[in-house]
Amino acid sequence: MKMKKILVTGGLGFIGSHTVVELQNAGFEVIIIDNLSNTKISVLDKITEITGLKPEYHNIDLRVKEDVKLFFNNHKIDGIIHFAAFKAVGESMQNPLDYYENNIGSLVYLLQEMRDRKITNFIFSSSCTVYGQADQLPITENAPVKTAESTYGNTKQIGEEIIKETCKADNLQAIALRYFNPIGAHESIKIGELPLGVPQNLIPFVTQTAAGIRKELAVFGDDYPTIDGTAVRDYIHVVDLAKAHIAALKRLINKENKENFEFFNVGSGTGTSVLEVIKTFEKVSKKPLNYKIVGRREGDITAAYADTTIANKELNWQTEKNLEEALDAAWQWQQKNKE
Ligand code: UFG
């Protein structure tokens with residue numbers, strides 16, 4: 001069978017790079033588009049070191065419609081996995097228009113090219129943020145989408161709506177993967193998360209604190225109605241998350257999808273509190289972590305973790321790694337990237 005050519009936008013980012021590795025391992029030919037707005041070009045070499053295959057790479061800004069068109073004029077693509085987007089919740093509230101332009105504009109241009117060239121297979125990076133604070137835990141795909149708390153979250157909701165409507169109007173076949181909290185790094189420790197500046201997310205802040213880059217971790221709130229008062233999330237190893245994309249892509253290519261637009265929860269299925277994360281990290285790193293409890297962070301929800309029953313069954317996928325393995329990889333990655 002001829003190798004399927006898959007375009008991965010944002011393929012040098014955290015989740016994108018791990019997905020490119022898994023795509024290559026699964027026998028797909030990968031073309032990456034990334035404008036390096038939140039990553040480094042060296043990731044391309046690291047992917048090549050891991051897989052022995054250099055993916056084709058284009059530095060294209062997907063907000064420039066003519067450049068997007070030109071790319072598709074010159075490439076025949078069998079499917080797209082679309083990661084390229086801004087992803088910082090706080091920043092999105094400061095610069096909503098930049099978020100709408102980047103996260104929505106790019107999506108529309110890609111879908112227009114897909115329509116015009118009859119490319120049907122599309123995987124979209126969505127987020128568990130679409131559920132807000134769900135009334136029932138674990139969160140199933142039947143949980144209602146709640147009014148977004150942030151512009152970032154809204155771009156994911158609107159993105160899903162745009163895709164859903166396009167699937168109705170055209171022959172688009174799409175799967176949105178609603179990620180819970182991706183963490184960790186590749187087992188080779190050649191690729192991982194590269195947060196710019198002060199990390200907003202828990203795990204990079206934990207590893208940077210343990211490495212001495214940050215003085216102490218602030219734990220945002222210990223008065224939530226949870227097991228120990230700290231907020232609960234579903235942390236998923238980024239390699240497990242990457243593999244969910246391969247499973248979703250195969251579902252589309254093999255025409256096993258039940259609807260033109262589908263969405264699945266991609267998490268570990270386990271809820272873990274911030275203090276539990278700290279305890280597990282201390283065990284894995286064999287270092288005590290300097291932390292203090294402070295007030296709640298605005299906009300945070302109490303608890304979110306996935307019911308993965310539907311994703312496990314429909315995608316024929318499940319997680320293979322646990323929290324300890326993910327934190328161990330994140331810690332090794334941190335030690336390798338001291339600055
Ligand atoms: N936390 C701390 N201290 C920190 C950072 C985080 O205590 O320095 C806590 C947060 O309050 C939260 C948990 O650790 O309870 C996880 O926080 P993250 O920022 O790592 O992750 P979030 O669950 O807040 O955010 C994730 C994604 C977003 C997405 C959001 C939806 O990173 O992209 O889920 O809820 F929008």
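Order of listing sets the numbers, starting from 1, for every ligand and every atom in it.
Arg178 has a carboxylate O that lies under 4.0 Å from a charged side-chain N of Glu160, or vice versa, which qualifies the two as a salt bridge. Under a 4.0 Å N-O distance rule, the pair Glu49/Lys46 qualifies as a salt bridge. Between Lys321 and Asp328, no side-chain nitrogen of the basic residue sits less than 4.0 Å from a carboxylate oxygen of the acidic one, so the salt-bridge criterion is not met.
Between His245 and Phe28, the gap from one ring centroid to the other reaches at least 6.0 Å.
The cationic atom of Lys156 (NZ for Lys, CZ for Arg) lies less than 6.0 Å from the six-membered ring centre of Phe124 and within 45° of the ring axis.
Side-chain contact, Glu262 with Asn257: no donor N or O sits under 3.5 Å from an acceptor N or O.
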Close N/O pairs between ligand 1 and protein, under 3.5 Å:
unit_1	atom_1	unit_2	atom_2	d
ligand 1	3 (N)	Ala218	O	2.7
ligand 1	7 (O)	Ala218	O	3.4
ligand 1	7 (O)	Phe220	N	2.9
ligand 1	11 (O)	Asp300	OD2	2.4
ligand 1	17 (O)	Arg297	NH2	3.4
ligand 1	19 (O)	Gln200	O	3.4
ligand 1	19 (O)	Asn201	ND2	3.1
ligand 1	19 (O)	Arg297	NH2	2.9
ligand 1	20 (O)	Asn201	ND2	3.3
ligand 1	20 (O)	Leu202	N	2.8
ligand 1	21 (O)	Asn181	ND2	3.1
ligand 1	23 (O)	Asn181	ND2	3.0
ligand 1	23 (O)	Arg233	NE	2.7
ligand 1	24 (O)	Arg297	NH2	2.9
ligand 1	32 (O)	Asn201	ND2	2.9

